[in-house]
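Written below as structure tokens is the structure these notes are about.
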Amino acid sequence: MPEITALWGFPINEQLHIDAHETVKKIQQDCGKGTKQLNEQAAHIVVKLTQHGLEHYYRRPTEIVPLHPSMKKAADTGIKAVMSAIQLVIRQFFKKRNDEELKLLSLYIEQMLWTHPDKSEPHLVFTVHDELHKRAISLISQVRDEKNTDAYIDDVIDALCELVELSVANYYHQPVDKVELGNMSKKAADLGISQAEKGIRKLIDKLLREVNHKQLVELSYHLESMIHQKTV
């Protein structure tokens, strides 16, 4: 009997999907032949994937649920600063990777690339545990059926914050754990990621507590579009 695996992730464009697979292939075939260009290509792909993540995790939700102008300006400034820092860290991180580490990281990226079987649309995904998947589906249904948002908003915020935590684990901690980092570099990177995660959690809490039911329903469709399943 086929096993169903729950996934969470966002679509990426076809060209990025192709470029990512080609970069992985080049790394697996050519790594160790005396060039550091592959490290730069890997960093470029990960920066592009990060930009897609920003679009789906931040920009699209704040279009659905518009922020107050002053809050939007502050949030945009904060996100821009975080993204600039993350992109710098990505480039520095890949620049220092040896051949074996680069190969491991390229395979990790590859296993996150997934094409939706019905839509033939490429995505960047990671696996979520069954309980969270079921809870997310149940909350989406509750949001659409029940207008009293006070009855479930805490549960929605908790679920989204858990997804943020899983995202950080899959996009940062797991790949970083595959390589050797100096203690100072690791501590600095961990601190930056922790601060970014706290900022995102704070934004989620403030944003969702101010939305009306209609906006929350619209947001639920966006979140639902990032919930997937695959048969293995």
What's the shortest heavy-atom distance between Val125 and His228, and which atoms? CG1-CD2, 4.3 Å
All heavy atoms of Ala169 vs all of Pro175, minimum pair found to be O-CD, 4.2 Å
How about Ser167 and Tyr172: do any of their side-chain heavy atoms sit closer than 4.5 Å? no
Locate the shortest heavy-atom distance separating Leu132 from Ala159; write the atom from each residue and the value. CD1-O, 4.3 Å
Contact list for residues 71-93, test side-chain hydrogen bond (donor to acceptor under 3.5 Å, both in side chains), sequence neighbours left out: Tyr58-Asp76, Lys72-Asp76
Centroid separation Trp8 to His133 less than 6.0 Å: no
Are the side chain of Tyr108 and the backbone of Asn170 linked by a donor-acceptor contact shorter than 3.5 Å? yes
Interatomic spacing from NZ in Lys202 to CG in Leu207 - rounded to 0.5 Å: 14.0 Å
Say whether Ile27 and Val24 are linked into one hydrophobic cluster, either directly or through other cluster members, by side-chain heavy-atom distances under 4.5 angstrom. no
Closer than 4.0 angstrom, basic N to acidic O: yes or no for Arg135 and Glu162? yes
In chain order, what residues pass the side-chain hydrogen bond (donor to acceptor under 3.5 Å, both in side chains) check against Thr23, with sequence neighbours excluded? none
Measuring from Asp19:CG to Leu16:CG, what's the distance to the nearest 0.5 Å? 6.5 Å
With sequence neighbours excluded, residues passing side chain to side chain contact (heavy atoms under 4.5 Å, CB included) with Ile157: Ile153, Cys161, Ile204, Asp205, Leu208, Arg209
Looking at side-chain heavy atoms only, is the closest gap between Leu160 and Leu223 below 4.5 Å? yes
Show me the donor-acceptor pairs, under 3.5 Å and distance only, between side chains in residues 41-54 and residues at least two apart or in other chains.
unit_1	atom_1	unit_2	atom_2	d
Thr50	OG1	Val46	O	2.7
His52	NE2	Asn13	ND2	3.4

For Lys134, all residues meeting salt bridge (Lys or Arg N to Asp or Glu O under 4.0 Å), sequence neighbours excluded: Asp130
Do Leu166 and Val164 share a hydrophobic cluster (ILVMFWY, side-chain heavy atoms under 4.5 Å, transitive)? yes
Do side-chain atoms of Ser194 reach the backbone of Leu191 as a donor and acceptor pair under 3.5 angstrom? no
So, for Leu113 and Ile12, which heavy atoms are closest and what is the spacing to 0.1 Å? CD2-CD1, 4.0 Å
How many angstroms lie between atom CG of Leu124 and atom CE of Met112, to the nearest 0.5 angstrom? 4.5 Å
Backbone N or O of Lys26 within a donor-acceptor pair of the Gln29 side chain at under 3.5 Å? no
Tyr171 with Val168, same ILVMFWY side-chain cluster at under 4.5 Å: yes
Any side-chain heavy-atom pair of Val128 and Leu7 under 4.5 Å: no
Could you list the residues that satisfy ring-ring contact (aromatic ring centres under 6.0 Å, His included) with Phe10, not counting sequence neighbours? His56, Tyr57
For Glu197, all residues meeting salt bridge (Lys or Arg N to Asp or Glu O under 4.0 Å), sequence neighbours excluded: Arg201
Would Asp30 and Leu38 satisfy side chain to side chain contact (heavy atoms under 4.5 Å, CB included), going step by step from the backbone distance to the final call? CA-CA 8 Å; Asp30 299 341; Leu38 291 174; 4.1 Å; yes
Side chain of Glu40, backbone of Gln37: donor and acceptor closer than 3.5 Å? no
List the atom of Phe93, the atom of Leu105, and the distance in Å for their closest heavy-atom pair. CE2-CD1, 3.7 Å
Drop me the distance from Glu100's CD to Asn98's CG, to the nearest 0.5 angstrom. 7.0 Å
Please check this pair: side chain of Asn39 against backbone of Phe94, looking for a donor-acceptor N/O pair closer than 3.5 Å. yes
Counterpart residues, salt bridge (Lys or Arg N to Asp or Glu O under 4.0 Å), relative to Glu110 (two or more places apart): none
Evaluate whether atom NZ of Lys103 has more than 12 neighbouring non-hydrogen atoms of other residues, nucleotides or ligands under 6.0 angstrom away. yes
Considering all heavy atoms of both residues, which atom of Ala136 and which atom of Ile227 are nearest to each other, and what is their separation? CB-CD1, 4.0 Å
Report the residues that fulfil side chain to side chain contact (heavy atoms under 4.5 Å, CB included) with Asp118, sequence neighbours left out, ordered by chain and then residue number. His116
Where the side chain of His222 meets the backbone of Ile64, is there a donor-acceptor pair that is under 3.5 Å apart? no
Identify whether Tyr221 and Tyr152 are in the same connected component of the hydrophobic contact network (ILVMFWY, side-chain heavy atoms under 4.5 Å). yes
Can you list the steps and then say if Val211 with Thr149 is a side chain to side chain contact (heavy atoms under 4.5 Å, CB included)? CA-CA 9 Å; Val211 302; Thr149 61; 5.9 Å; no
Polar contact flag, side-chain donor to acceptor under 3.5 angstrom, Ser106-Gln28: yes
For His17, the ring-ring contact (aromatic ring centres under 6.0 Å, His included) test, sequence neighbours excluded, returns His21
Once salt bridge (Lys or Arg N to Asp or Glu O under 4.0 Å) is applied, what residue pairs with a partner in residues 136-145 remain, sequence neighbours excluded? Arg144-Glu224
Same apolar cluster (I L V M F W Y, side chains within < 4.5 Å links), Leu219/Ile137: yes
Who pairs with Glu63 by side-chain hydrogen bond (donor to acceptor under 3.5 Å, both in side chains), at least two apart in sequence or on another chain? Arg60
